[in-house]
Chemist: 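Mind looking over this structure? Questions follow.
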Amino acid sequence: MKRAAKLVAAILATAMLGGCIPHTELDERAIILAIAIDYEEEEYNVTFQYYNPTGLGGQAPVDNSQPNVLTASGKGMDVYEALEDASFKCGRELLLGVAQIILIGEDAANHSVTDVMDFSKSCFQSHPYMLVAVTEGKAEDYMQVKFSEGIASTHKLKYLLQNADRYGMVSLPTALDLFVALRTEQQSACLPRLKLNEDEKSDASEDGKSIEISGGVLIMGGKAQDTEDMETMKGLQLLGGRIDETTLTFEQEDDIVSVGLIGMQRKITPVFEEGKLIFQVKLTCGGRYFTAPSGVGLTEDKETVQKCEEQLKSIMQTAAENTVIKYGADPINLERTVRHRDYKMWQQVKDNWEELLKECEFVFDIEVKIDRLSLAVDD
């Protein structure tokens with residue numbers, strides 16, 4: 001009997017405790033999809049896009065008669081305070097666990113990317129794989145674009161950035177990647193740069209506006225240092241070993257040749273000789289013709305291979321000169337390469353790291369093997 005009484009008491013206690021656990025209903029939360037962060041007049045302005053429960057509720061997954069997302073904004077001395085202000089104004093508890101994109105406005109990036117990203121360590125439990133990009137002008141303006149495809153504008157932006165990354169056009173660090181980069185000696189990275197176009201003829205959105213990737217922004221010392229073109233961004237992708245395939249198109253005699261490069265493998269070996277840093281870059285890949293030069297049949301064309309290797313070298317060398325050598329920046333985390341390969345070397349170079357980067361040399365060893373040829377041959 002005593003054992004049964006204890007069991008009943010335990011069940012009753014559990015039931016009573018269950019009613020005391022604080023909780024928030026899902027429709028009382030702001031389920032955030034994207035965050036835009038601006039800085040003006042020594043204050044942060046945060047705008048976030050979140051799911052509209054009335055637009056997503058009911059029997060159907062999406063109620064097209066209602067807007068599927070809403071926006072809210074707030075201001076504060078830091079991003080954390082601005083988010084709290086926005087939460088207070090929209091009357092909902094913030095949920096950042098499914099957030100997909102952080103857009104940093106031009107002025108905010110010039111002020112401090114490090115300060116902007118500090119909120120990701122807060123109790124808002126932000127998602128470590130949010131994509132991060134910098135906008136030309138105010139990031140808030142990009143939250144207002146209503147794309148005609150996808151249930152939310154965020155999805156269009158996400159696909160735009162991911163597709164550019166997939167084809168090796170831009171480096172695309174996540175919030176976690178950026179967090180790590182901002183803890184290195186140079187606090188350096190290179191973020192995609194977005195541009196807002198207003199064209200009444202555009203069918204990309206309901207209001208005639210469209211967004212495109214216009215290059216990148218070099219971050220150094222935790223803030224924006226300079227803008228970079230698409231060629232430099234592609235070179236950083238190659239140097240950083242972040243892509244598996246890309247496409248090269250070039251003129252060869254009277255032909256326009258396109259080669260798809262696949263299975264790309266990159267290895268960087270640092271050498272420190274006579275007070276100079278040398279980075280030996282080994283890149284190997286296979287390939288196939290998308291458009292073959294005239295007269296090429298089922299054998300590899302040596303001239304095409306040579307042009308591929310030369311173009312790869314030129315793209316990577318230009319990227320290194322525009323970022324590492326020009327500013328002493330480290331957007332591809334050469335610091336980690338040196339640390340992991342030879343920690344004694346790192347001890348020798350760390351006190352003069354920036355100056356050594358400005359005077360460093362990149363030596364390239366590139367091998368392209370076109371082993372998937374087009375079946376179309378000239379008569």
Side-chain angles (χ1 to χ4, degrees), residues 31-37 48-51 62 68-69 96-105 109 113 116-117 120 126-136 139 141-181 189-197 202-205 209-219 227-248 260-264 266 285 315 319 331-333:
I31 305 174
I32 297 176
L33 301 172
I35 305 170
I37 303 171
F48 58 76
Q49 191 179 81
Y50 66 100
Y51 277 122
V62 177
N68 298 312
V69 292
L96 280 174
V98 297
Q100 300 176 53
I101 296 176
I102 300 174
L103 299 182
I104 304 175
V113 174
V116 166
M117 295 303 298
S120 62
S126 55
H127 198 288
Y129 297 106
M130 291 184 289
L131 307 182
V132 186
V134 176
T135 65
E136 294 185 11
D141 296 338
Y142 293 71
M143 287 289 97
Q144 308 304 328
V145 179
K146 297 178 181 179
F147 288 103
S148 55
E149 55 181 291
I151 65 170
S153 300
T154 303
H155 295 167
K156 173 67 174 180
L157 284 174
K158 177 183 175 182
Y159 301 149
L160 179 71
L161 290 166
Q162 287 181 333
N163 194 54
D165 176 66
R166 184 179 299 112
Y167 287 99
M169 296 170 63
V170 297
S171 55
L172 185 57
T174 63
L176 179 60
D177 294 330
L178 185 55
F179 180 81
V180 172
C190 207
L191 301 175
R193 185 174 80 254
L194 298 178
K195 180 180 180 180
L196 183 63
N197 293 326
S202 173
D203 60 357
S205 65
K209 296 179 180 178
S210 61
I211 298 174
E212 65 180 37
I213 300 173
S214 59
V217 175
L218 177 65
I219 308 301
T227 58
E228 304 296 343
D229 59 19
M230 294 295 287
E231 186 88 343
T232 296
M233 294 295 285
K234 185 171 185 176
L236 291 176
Q237 283 279 73
L238 292 167
L239 280 171
R242 293 179 59 91
I243 56 176
D244 180 64
E245 59 183 78
T246 190
T247 302
L248 298 180
L261 302 179
I262 57 175
M264 306 188 78
R266 188 275 289 151
C285 62
I315 293 171
I332 55 174
N333 208 344

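In what follows, residues are counted from 1 in the order of the sequence shown.
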Chemist: So which heavy atom on Met143 is nearest to which on Ala36, and how close?
Modeler: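 It is CG-CB, 3.6 Å.
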Chemist: For the CZ atom of Arg166 and the CG atom of Leu172, what is their distance to the nearest 0.5 Å?
Modeler: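 Between Arg166 CZ and Leu172 CG, I get 10.5 Å after rounding to 0.5 Å.
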Chemist: What's the shortest heavy-atom distance between Ala109 and Ile104, and which atoms?
Modeler: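 Shortest heavy-atom contact: N-CG2, 3.7 Å.
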Chemist: I need the minimum non-hydrogen distance between Ile102 and Met117, along with the two atoms involved.
Modeler: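 Here Ile102 and Met117 meet closest at CD1-CE, 3.8 Å.
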Chemist: Would you say Leu196 and Thr135 make side-chain contact, with heavy atoms under 4.5 Å?
Modeler: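 Counting from C-beta outward, Leu196 and Thr135 never come under 4.5 Å.
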Chemist: Roughly how far, to the nearest 0.5 Å, is the CD atom of Glu228 from the CG atom of Leu218?
Modeler: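 One gets 5.5 Å once the value is rounded to the nearest 0.5 Å.
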Chemist: Nearest 0.5 Å, please: how far is CZ in Arg266 from CG in Leu238?
Modeler: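 That separation rounds to 10.0 Å.
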Chemist: Count the heavy atoms belonging to other residues, nucleotides or ligands that lie under 6.0 Å from CE of Met169, then report whether that count exceeds 12.
Modeler: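 No, not enclosed.
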Chemist: Kindly say whether Gln162 contributes a backbone atom to a donor-acceptor pair with the side chain of Asp165 at under 3.5 angstrom?
Modeler: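 Checked: no pair found.
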Chemist: Taking all non-hydrogen atoms of both residues into account, name the closest pair between Glu212 and Asn197 and its distance.
Modeler: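 Where Glu212 meets Asn197 most closely, the heavy atoms are OE1-ND2, 3.0 Å.
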Chemist: Looking at CE of Met233 and CD1 of Ile213, how far apart are the two atoms once the value is rounded to the nearest 0.5 Å?
Modeler: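 Atom-to-atom, Met233:CE and Ile213:CD1 are 8.5 Å apart.
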Chemist: Given side chains that start at C-beta, do those of Pro173 and Val132 come closer than 4.5 Å, heavy atoms only?
Modeler: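 A side-chain contact under 4.5 Å is absent here.
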Chemist: Which distance, rounded to the nearest 0.5 Å, do you find between the CG of Leu131 and the CG of Leu161?
Modeler: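 Answer for the CG-CG pair, Leu131 versus Leu161, is 6.0 Å.
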Chemist: Heavy-atom distance under 4.5 Å between the side chains of Leu248 and Ile315, does that happen here?
Modeler: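 Yes - at least one pair of side-chain heavy atoms lies under 4.5 Å apart.
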Chemist: For Ser214, does its backbone N or O pair with a side-chain atom of Arg193 as donor and acceptor, under 3.5 Å?
Modeler: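 Present.
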Chemist: Is any side-chain heavy atom of Val170 less than 4.5 Å from a side-chain heavy atom of Met230?
Modeler: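 Val170 reaches Met230 side chain to side chain.
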Chemist: Has Gln100 got a side-chain atom pairing as donor or acceptor with Leu33's backbone, closer than 3.5 angstrom?
Modeler: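 Not at all, since once roles are kept as given, no pair shorter than 3.5 Å links the two residues.
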Chemist: Evaluate the side-chain contact (heavy atoms from CB on, under 4.5 Å) criterion for residues Leu103 and Leu157: first the C-alpha distance (whole Å), next the side-chain angles of each, then the deciding distance (0.1 Å), finally the verdict.
Modeler: CA-CA 10 Å; Leu103 299 182; Leu157 284 174; 4.1 Å; yes
Chemist: Are any side-chain N or O atoms of Tyr142 and backbone N or O atoms of Leu194, one a donor and one an acceptor, separated by less than 3.5 Å?
Modeler: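 Answer holds: yes.
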Chemist: How long is the gap from CE on Met264 to CZ on Arg242, to the nearest 0.5 Å?
Modeler: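 Rounded to the nearest 0.5 Å, the CE-CZ separation comes out at 14.0 Å.
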